[in-house]
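In the text below, chain A, chain B and the rest are named by the order of the sequence lines, each starting its count at 1.
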Amino acid sequence: MSLRIVVCVKYVPDATGDRHFAEDLTTDRDAVDGLLSELDEYAVEQALQISDEADDAEVTVLTVGPEDARDALRKALSMGADKAVHVDDEDLHGTDVFGTSKVLAAAIEKTGYDLVVCGMASTDGVMGVLPAVLAERLGVPQVTLLSEVSVADGKVTGRRDGDAATENLEAALPAVVSVTDQSGEARYPSFKGIMAAKKKPVEELDLDDLDLDGDDFGLEGSWTAVDEANARPPRTAGTVVKDEGEGGKQLAEYLAGQKFL
Amino acid sequence: MAEVLVYVDHVDGSVRKPTLELLTLARRLGEPVAVHLGAGVETAAPVLAEYGAVKVLAADAPEFNDYLVVPKVDALKAAFDAVSPSAVLLPSSAEGKEIGARLAVRIDSGLITDAIDLEAGDEGPVATQSVFAAAFTTKSRVTNGTPVITVKPNSTAPEAASAAGSVEQLSVSFGELATGTRVTSRTPRESTGRPELTEAAIVVSGGRGVNGAENFHVIESLADSLGAAVGASRAAVDAGWYPHTSQVGQTGKTVSPQLYVAAGISGAIQHRAGMQTSKTIVAINKDSEAPIFDLVDYGVVGDLFEVVPQLTEEVKTRKG
Ligand SMILES: Cc1cc2nc3c(=O)[nH]c(=O)nc-3n(C[C@H](O)[C@H](O)[C@H](O)COP(=O)(O)OP(=O)(O)OC[C@H]3O[C@@H](n4cnc5c(N)ncnc54)[C@H](O)[C@@H]3O)c2cc1C
Ligand SMILES: Nc1ncnc2c1ncn2[C@@H]1O[C@H](COP(=O)(O)O)[C@@H](O)[C@H]1O
């Protein structure tokens, strides 16, 4: 039996760009170029490695996002994923993590899965909770924040480096995992991979296709509201001195003046 | 007055500082009821009471240690059902966020993660968050259900305010999912004897400029002279010079100390995301063009191997 792996990837505004809020206080997705979240590249990489280890496996990349989010899917396909699913619906603008997880869960069930692989957090929202919520919705084990992961004999095992301890985890498939940026560098798409990706199937779905009702989603359906967004006042440029042999002492003098010493 | 559930982060009953901050914030919203899971409630309860817990709901079971996250969600849900609180607060640790998020799904409520401040508002708690690598500050509310909010460490100074803190046993029945992910082994992190990175008043971080694990003692000596925690950039962590638990930034820890010292760190956006809200920032870098200098209150352009040891000596002398 083939191992069915679904990788959840998000299309995000480039973190090195100048990110802003739109008038409705959602992320302004026009202000900055978008790309496949760098943290989701690690998820694609681990999925591909698990797939390589398995006798027979299929990797599907899945995104919920606007039309441009296809770019993220293309990137993942050119890294080596087999096919893609894109959920795009105008009713989804402004959807929160609970709505997004509902859509992802429905799309994952429709696709069929043994293993779901997520990134540790999206580089725009950075909540880092979606994988746990997805596991709750799908009713399967959550094996999250792994810096090492492997699949064998119908089980997923992995290492979670927590604040207080390092834990080794084990769960039976089907399961939802998320991997951190410590899990191993993601591969670059090869030229061959980029060419091959153009021919790989991308399934387009909207909420109707998933039997979901638009009213539950979008800004209206969101259970949190942002009332204010204010740019942090830029830090006023401080004093910068060149070390002429007394730099450490000058710094100490400054710290003493600020009552740190 | 409305009750507010506070999830207790502790190690065998020794309560971690962020929980005391949560209790302090919870008192702005109502009466804190602490939820203590696992061993050590006898040790924890007096501390929780001192910081304002009117009640401590306690449950202990092997499941909390043997399986990941979900048993704790089951227990917090039981506490929620027993109390019907007006809000639920958890620490913004990886685990705290996951527990909070799953609880929020179960109780059909909105979730706010990584709040840095919390006030009572006409329509429920108002949470301040810092977003887009700390370039923006937002104020948000939960508009559906009982707000579940995770709060970052160092968001407020813990203030004692004695309350009864009577311990009540919480009865928990675990659902089918509780035993889904087994913890097959656990290696507790060894204590460095230094303050916790996210809780420290002063953080001294080293980056690629430190140029080797064998040189990190330069950073550590300065940290020790200041009573500071030690941090590292991802470049230093990826090179294997310092453990990942010390990484500051987007995929590491967010710190907001009174003083942040960056040595041999360029100041990439992903690093800034984790330290930009520090009160005072100083940097030592040999490149005067390094972006970190855009953020500093005081910067020294120079070789860290000259400047940092000199600073350490001077700190020691001044502190006597
Ligand atoms: C998705 C993603 C997540 C990331 N998350 C994080 C994160 O959480 N934390 C993080 O830090 N980074 C993170 N990064 C990486 C980040 O982009 C930078 O690569 C990293 O912060 C660089 O570390 P650095 O400043 O130590 O190294 P460099 O950028 O190489 O800078 C080293 C600096 O040291 C100076 N220097 C060298 N020698 C000396 C000397 N003898 N004395 C004084 N100065 C000297 C140099 O002038 C230079 O400015 C992330 C990147 C991505 C894509
Ligand atoms: N819109 C989305 N489409 C697909 N996957 C997503 C989406 N949003 C989040 N994810 C996945 O969930 C992970 C954590 O996201 P978050 O909880 O938003 O920080 C990401 O790394 C992705 O794997």
Q: Against chain A, label B/Ser185 side chain, backbone, both or neither, depending on which of its atoms sit under 4.5 Å from a heavy atom there.
A: both
Q: Could you walk me through whether B/Val296 and A/Val240 pass side-chain contact (heavy atoms from CB on, under 4.5 Å), step by step?
A: CA-CA 8 Å; B/Val296 298; A/Val240 179; 4.0 Å; yes
Q: Would you mind checking which part of B/Leu177 comes under 4.5 Å of any heavy atom in chain A, side chain (CB onward), backbone (N, CA, C, O), both or neither?
A: side chain
Q: Could you tell me which portion of B/Gln258 (side chain, backbone, both or neither) has an atom closer than 4.5 angstrom to a non-hydrogen atom of chain A?
A: both
Q: Output the option from A/Ser147, A/Gly139, A/Ala172, A/Ser101 having the highest count of non-hydrogen pairs under 4.5 Å with chain B.
A: A/Gly139
Q: Just so I know, are the side chains of B/Val282 and A/Phe260 near enough to count as touching, which here means a heavy-atom distance under 4.5 Å?
A: no
Q: Go through the atoms of B/Ile99 and report whether side chain, backbone, both or neither lie under 4.5 Å from a heavy atom of chain A.
A: neither
Q: Does a side-chain heavy-atom distance below 4.5 Å link B/Glu314 with A/Leu251?
A: no
Q: From A/Gln250 CD over to B/Tyr298 OH, what is the distance, rounded to the nearest 0.5 angstrom?
A: 4.5 Å
Q: For the residue pair B/Thr184 / A/Asn168, report whether a side-chain donor-acceptor contact shorter than 3.5 Å exists.
A: no
Q: For B/Gln276 and A/Arg232, which I'm curious about, is there any donor-acceptor pair between the side chains at under 3.5 Å?
A: no
Q: Where on A/Glu170 is there a heavy atom nearer than 4.5 Å to chain B: the side chain, the backbone, both, or neither?
A: both
Q: Please flag which part of A/Ser222 lies under 4.5 Å from any non-hydrogen atom of chain B: side chain, backbone, both or neither.
A: backbone
Q: To the nearest 0.5 angstrom, please state how far the OG1 atom of B/Thr317 sits from the NZ atom of A/Lys249.
A: 8.5 Å
Q: Which bit of B/Leu197 comes within less than 4.5 Å of chain A, counting heavy atoms only: side chain, backbone, both or neither?
A: neither
Q: Which heavy atom of B/Gln310 sits nearest a heavy atom of A/Gly245, and at what distance?
A: NE2-O, 2.8 Å
Q: Working to the nearest 0.5 Å, report the span between CD of B/Glu95 and CD of A/Glu167.
A: 7.5 Å
Q: Got a second to check how far B/Gln250's CD is from A/Leu39's CG, nearest 0.5 Å?
A: 5.5 Å
Q: Is there a side-chain contact between A/Glu228 and B/Thr138 (heavy atoms, below 4.5 Å)?
A: no
Q: Taking non-hydrogen atoms and a cut-off under 4.5 angstrom, which of residues 149-165 of chain A neighbour chain B?
A: A/Arg160, A/Gly162, A/Asp163, A/Ala164, A/Ala165
Q: Check whether any side-chain N or O of B/Lys97 sits under 3.5 Å from a backbone N or O of A/Met127 as a donor-acceptor pair, and report yes or no.
A: yes
Q: Under 4.5 Å heavy-atom distance to chain A, tell me which part of B/Val11 shows up: side chain, backbone, both or neither.
A: neither
Q: At a 4.5 Å cut-off on heavy atoms, which part of B/Leu311 comes close to chain A: side chain, backbone, both, or neither?
A: both
Q: Does any heavy atom of chain A fall under 4.5 Å from the side chain of B/Lys279, the backbone, both, or neither of them?
A: backbone
Q: With side-chain contact (heavy atoms from CB on, under 4.5 Å) as the test, would you mind laying out the steps for B/Arg102 and A/Val129 before giving the verdict?
A: CA-CA 9 Å; B/Arg102 295 188 70 139; A/Val129 298; over 6 Å; no
Q: Can we say A/Asp243 and B/Lys286 salt-bridge, meaning some charged N sits less than 4.0 Å from an Asp/Glu carboxylate O?
A: no
Q: Do the non-hydrogen side-chain atoms of A/Leu261 and B/Val315 ever get within less than 4.5 Å of each other?
A: yes
Q: Heavy-atom cut-off 4.5 Å, strictly under: side chain, backbone, both or neither for B/Asp238 against chain A?
A: side chain
Q: What part of A/Ala135 is in contact with chain B, defined as an atom under 4.5 angstrom from a non-hydrogen atom: side chain, backbone, both or neither?
A: both
Q: To the closest 0.5 Å, what do you measure between CZ (B/Arg106) and CD (A/Glu136)?
A: 4.0 Å
Q: Atom CG in A/Leu255, atom OG1 in B/Thr280: separation rounded to 0.5 Å?
A: 8.5 Å
Q: Let me know if A/Leu145 has heavy atoms under 4.5 Å from chain B in its side chain, its backbone, both or neither.
A: side chain
Q: With a 4.5 angstrom heavy-atom cut-off, could you sort out which part of A/Glu253 is near chain B: side chain, backbone, both or neither?
A: both
Q: Return the minimal non-hydrogen interatomic distance between A/Phe98 and B/Ala104, and the atom names on each side.
A: CZ-CB, 3.5 Å
Q: Between B/Val300 and chain A, with a heavy-atom cut-off of 4.5 Å, which part of the residue counts as in contact: side chain, backbone, both or neither?
A: both
Q: Taking the side chain as every heavy atom from C-beta outward, state whether A/Thr166 and B/Arg189 have any pair of such atoms under 4.5 Å apart.
A: no
Q: Heavy-atom distances under 4.5 Å only: say whether B/Leu68 touches chain A with side chain, backbone, both or neither.
A: side chain
Q: Given heavy-atom pairs under 4.5 angstrom as the criterion, report whether the side chain, backbone, both or neither of B/Asp297 touches chain A.
A: both
Q: Check A/Ala171 against B/Thr181 and note the closest heavy-atom contact, atom names and distance.
A: CB-OG1, 4.0 Å
Q: Closest approach of B/Ala101 and A/Val133, non-hydrogen atoms and distance?
A: CB-CG2, 3.6 Å
Q: Counting only heavy atoms closer than 4.5 Å, note whether B/Val237 contacts chain A via side chain, backbone, both or neither.
A: side chain
Q: Side-chain contact test, heavy atoms from C-beta onward, threshold under 4.5 Å: evaluate it for A/Gln142 versus B/Val69 and give yes or no.
A: yes
Q: Would you indicate whether the side-chain heavy atoms of A/Thr224 and B/Arg141 approach each other to under 4.5 Å?
A: no
Q: Measure distances from B/Ser288 to the heavy atoms of chain A and classify the residue's part below 4.5 Å as side chain, backbone, both or neither.
A: neither
